[in-house]
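Below is one structure, written out as structure tokens, with a few remarks after it.
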Number of protein chains: 2
Amino acid sequence: MNGQKEGLTIKQVAEAAGVARSSVSRAFTRPEMLSPETVKRIREAAEKLGYVPNQTARALSTGRHGNVALIVPDVANPFFPPLIRAAQMEADRSDLCVFLGNSDEDPKQEDKLVGRFTGQVEGLILASSRLSDERIQAHAALRPLVLINRDVEGIPRVLIDSGSGVREAVAHLAEIGHRHIVYVSGPTKSWSNKQRRRAVRMAADVLGLKVDIVAAAVASFEAGREAVGSILVTGATAAIAFDDLTAQGILAGLADRGIRVPEQFGVVGCDDVLGAATYPSLTTVSNRSVEAGKAALSLLLELMQSQSVRDVRYVLDTHLVVRNTTIGHGE
Amino acid sequence: MNGQKEGLTIKQVAEAAGVARSSVSRAFTRPEMLSPETVKRIREAAEKLGYVPNQTARALSTGRHGNVALIVPDVANPFFPPLIRAAQMEADRSDLCVFLGNSDEDPKQEDKLVGRFTGQVEGLILASSRLSDERIQAHAALRPLVLINRDVEGIPRVLIDSGSGVREAVAHLAEIGHRHIVYVSGPTKSWSNKQRRRAVRMAADVLGLKVDIVAAAVASFEAGREAVGSILVTGATAAIAFDDLTAQGILAGLADRGIRVPEQFGVVGCDDVLGAATYPSLTTVSNRSVEAGKAALSLLLELMQSQSVRDVRYVLDTHLVVRNTTIGHGE
DNA sequence: CTGTTAGCGCCTTCAA
DNA sequence: TTGAAGGCGCTAACAG
């Protein structure tokens with residue numbers, strides 16, 4: 001079974017089955033146009049020979065390749081793999097092959113990849129694109145194109161709203177008695193960081209909590225650990241970190257000073273990248289990246305079918321996942 | 001710039017430049033066959049029109065697609081993203097597009113993916129393949145094929161030898177005073193698991209350590225946590241886990257029981273998937289997955305060029321990364 | 001150096 | 001329902 005062979009074409013199958021080449025073609029693409037028995041005969045002959053239709057020839061003739069491309073800034077950033085996987089699985093259900101591109105956070109590289117893919121795909125997904133609005137629009141004019149976490153008017157997009165989860169986090173902290181918290185910010189230019197910081201500010205205002213901002217130059221374990229000094233001098237009793245990695249760093253810095261979590265200090269991460277796989281397990285904001293990947297691919301499929309370029313803006317809200325860095329086991 | 005257009009072929013470029021279609025083709029694929037000025041003229045005409053060669057047509061005619069495929073069991077398994085990224089970057093240097101496949105740990109699915117890709121790629125890489133030797137050999141007969149972490153004779157392969165790092169781990173534990181350790185095993189059918197278990201056994205024998213094997217049904221945080229009971233009854237004072245996730249689970253289970261790490265019990269992980277980003281940071285065995293991805297792609301490139309099917313077996317050794325779950329900060 | 005001429009393997013009108 | 005023929009866009013001999 002599945003003994004594919006080289007250089008095997010419809011021609012040999014046609015001869016073996018005693019039909020014309022066009023019938024062989026139809027037996028695979030439009031069996032309803034042929035009598036059931038002819039289809040059967042052809043399929044059997046094909047099977048016996050180990051014939052497999054040549055995708056490339058098919059694509060050249062129809063313009064349909066059955067391929068899509070997904071480009072991300074960094075495959076190794078733990079935020080993306082689940083998203084990639086979800087998109088993959090969804091593509092699989094439609095028998096599509098997916099090209100993966102790694103832009104390395106570089107607009108030039110991303111542009112190059114799009115160009116390289118565009119000739120052999122029916123559509124693309126750009127996740128957290130680093131491209132300018134203009135370039136995105138230019139590419140979208142050529143092929144169906146869906147954006148993830150990038151808000152360009154007129155281009156179908158899937159947005160993860162971390163604001164909703166962050167607001168829940170603030171409410172949760174208020175509820176368990178915190179009156180003064182700090183937000184440990186990430187990259188200042190990041191869209192997500194701005195969104196999160198603003199959400200913390202607004203929610204804290206509404207609930208009458210005092211909030212300070214502490215900057216962690218970059219989003220990393222070490223940055224979080226080093227920020228602990230600044231965090232503690234504010235007098236706050238809990239911190240919401242830009243992401244989980246930073247939060248883990250804060251946990252380490254706290255442990256260095258013998259401060260117990262969650263009894264003496266509460267910590268909340270963002271993106272739920274570690275799951276429950278740390279100890280103590282991190283209270284964090286869910287990321288919905290799986291849904292985002294799946295939704296983006298579904299959207300792309302729709303786009304590919306009906307060329308109508310509707311202006312879709314699909315927003316996924318997030319929620320707080322309470323684990324053990326804000327409330328102890330017993331409560 | 002880069003204003004690609006649909007339905008633009010060599011024909012229009014040929015007319016615009018006043019040459020034959022074959023010259024246009026040559027201007028792009030073999031400029032050295034044309035006079036420099038002709039090349040220039042053609043290229044300018046192409047540029048002005050926004051012409052981009054059609055990859056599909058080219059592939060049909062030459063049999064070369066410029067695509068490769070990489071199939072992994074689970075994109076979201078943190079072991080793979082760095083590997084994928086490395087392969088990607090390497091492919092990029094040769095202007096290759098890479099298809100990514102997720103077999104979902106399922107041989108059938110993997111076989112399906114290979115079949116779907118095989119028609120439009122020049123070669124494939126199978127990472128931790130779940131396929132039978134026979135299927136792998138069948139596929140390798142059709143196209144250049146490189147294996148990662150799978151040892152099939154006659155098929156070029158890149159192997160990460162966790163054995164060397166595991167031996168270092170055992171030596172390290174012996175050196176800091178442990179006399180009785182346990183290996184917490186992962187999936188029994190896994191090649192890596194067998195390799196690691198054997199390495200522990202052998203190294204322990206050589207050093208005169210007592211070693212017990214405790215099975216964690218699957219490799220996961222929860223499995224590790226639940227294994228702690230069985231671990232403790234053996235009387236061992238340290239554990240080497242199949243992977244980092246399991247090790248984290250063990251850490252959690254130990255903490256549940258108030259057992260301090262590393263003072264009362266030592267823990268070593270495998271694969272260095274978390275980096276130093278946990279607290280206490282995990283002593284573990286490096287994974288070399290980046291090198292593996294890069295090497296696999298280089299190997300594939302060689303294979304694709306010289307059809308000589310040499311029996312390459314490229315082994316990457318690993319090393320122990322000592323952090324804080326075996327030795328405290330002070331030492 | 002450059003033009004002419006066949007295909008690559010398949011799909012798809014158009015007739016029969 | 002089936003066959004014949006042309007073409008998708010490009011490359012690769014073969015001439016000139």
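We name chains A, B, ... by the order of the sequence lines, and we start the count at 1 in each one. Keep in mind that what you see is a predicted model, and the values were worked out from it rather than measured. For the numbers below, each heavy atom of this structure counts, side chains included, while hydrogens, waters and symmetry mates do not.
- Minimum atom distance to the side chain of B:R58 is reached by D:dC10, of the listed D:dC10, C:dT4, C:dG9.
- Heavy-atom neighbours of A:F28 CZ from other residues, nucleotides or ligands within 6.0 Å: above the threshold of 12.
- To the nearest angstrom, P of C:dC8 lies 15 Å from NE2 of B:H65.
- A:T29 comes within contact range of the sugar-phosphate backbone alone, with a heavy-atom separation under 4.0 Å but no base atom that close.
- With the nearest nucleotide of DNA chain C identified for both B:A20 and B:A57, B:A20 has the one nearer the 5' end.
- For the pair B:V68/B:M304, a side-chain contact is recorded, criterion being any heavy-atom separation below 4.5 Å from C-beta on.
- The pair B:E105-B:R130 meets the salt-bridge criterion, with a side-chain N (NZ, NE, NH1 or NH2) lying under 4.0 Å from an Asp/Glu carboxylate O.
- In this structure, the CD1 atom of A:I42 is 11 Å from the C1' atom of D:dT1, given to the nearest Å.
- When distances are taken from the side chain of B:I10 to each of C:dG9, C:dG3, D:dC10, the shortest belongs to D:dC10.
- At whole-Å resolution of the value, CZ in B:R21 and C1' in C:dG3 are 11 Å apart.
- In this structure, the CZ atom of A:R26 is 8 Å from the C1' atom of D:dT1, given to the nearest Å.
- Distance, B:R64 CZ to D:dC10 C1': 13 Å, rounded to whole Å.
- When rounded to the nearest whole Å, the span between CZ of A:R41 and P of D:dT2 equals 8 Å.
- Of the candidate nucleotides C:dG7, D:dA13, C:dC11, C:dC11 has the atom lying nearest to any side-chain atom of A:S61.
- Nucleic acid contact for A:S22: base, since at least one base atom lies under 4.0 Å from a heavy atom of the residue.
- As judged by a 4.0 angstrom heavy-atom cut-off over every strand, A:T56 is placed among residues making no nucleic acid contact.
- Note on B:V19: only backbone sugar-phosphate atoms sit closer than 4.0 angstrom, heavy atoms only; bases stay farther off.
- In this structure, B:N54 places its CG atom 9 Å from P of D:dT11, rounding to the nearest Å.
- Residue A:E32 places its CD atom among more than 12 non-hydrogen atoms of other residues, nucleotides or ligands, all under 6.0 Å distant.
- Nearest-nucleotide positions on DNA chain D for B:M33 and B:L60 put B:L60 closer to the 5' end.
- Out of D:dT11, D:dG9, D:dT2, the shortest distance to the side chain of B:T62 is found at D:dT11.
- B:S25 comes within 4.0 angstrom of a base, heavy atoms only.
- One interatomic measurement links the two molecules: CD of A:E15 to C1' of D:dG3, which rounds to 15 Å at whole-angstrom precision.
- Taking 4.0 Å as the cut-off between side-chain N and carboxylate O, A:E37 and A:R41 do not count as a salt-bridged pair.
- Backbone-only engagement by B:R30 is indicated by non-hydrogen atom pairs under 4.0 Å involving sugar-phosphate atoms exclusively.
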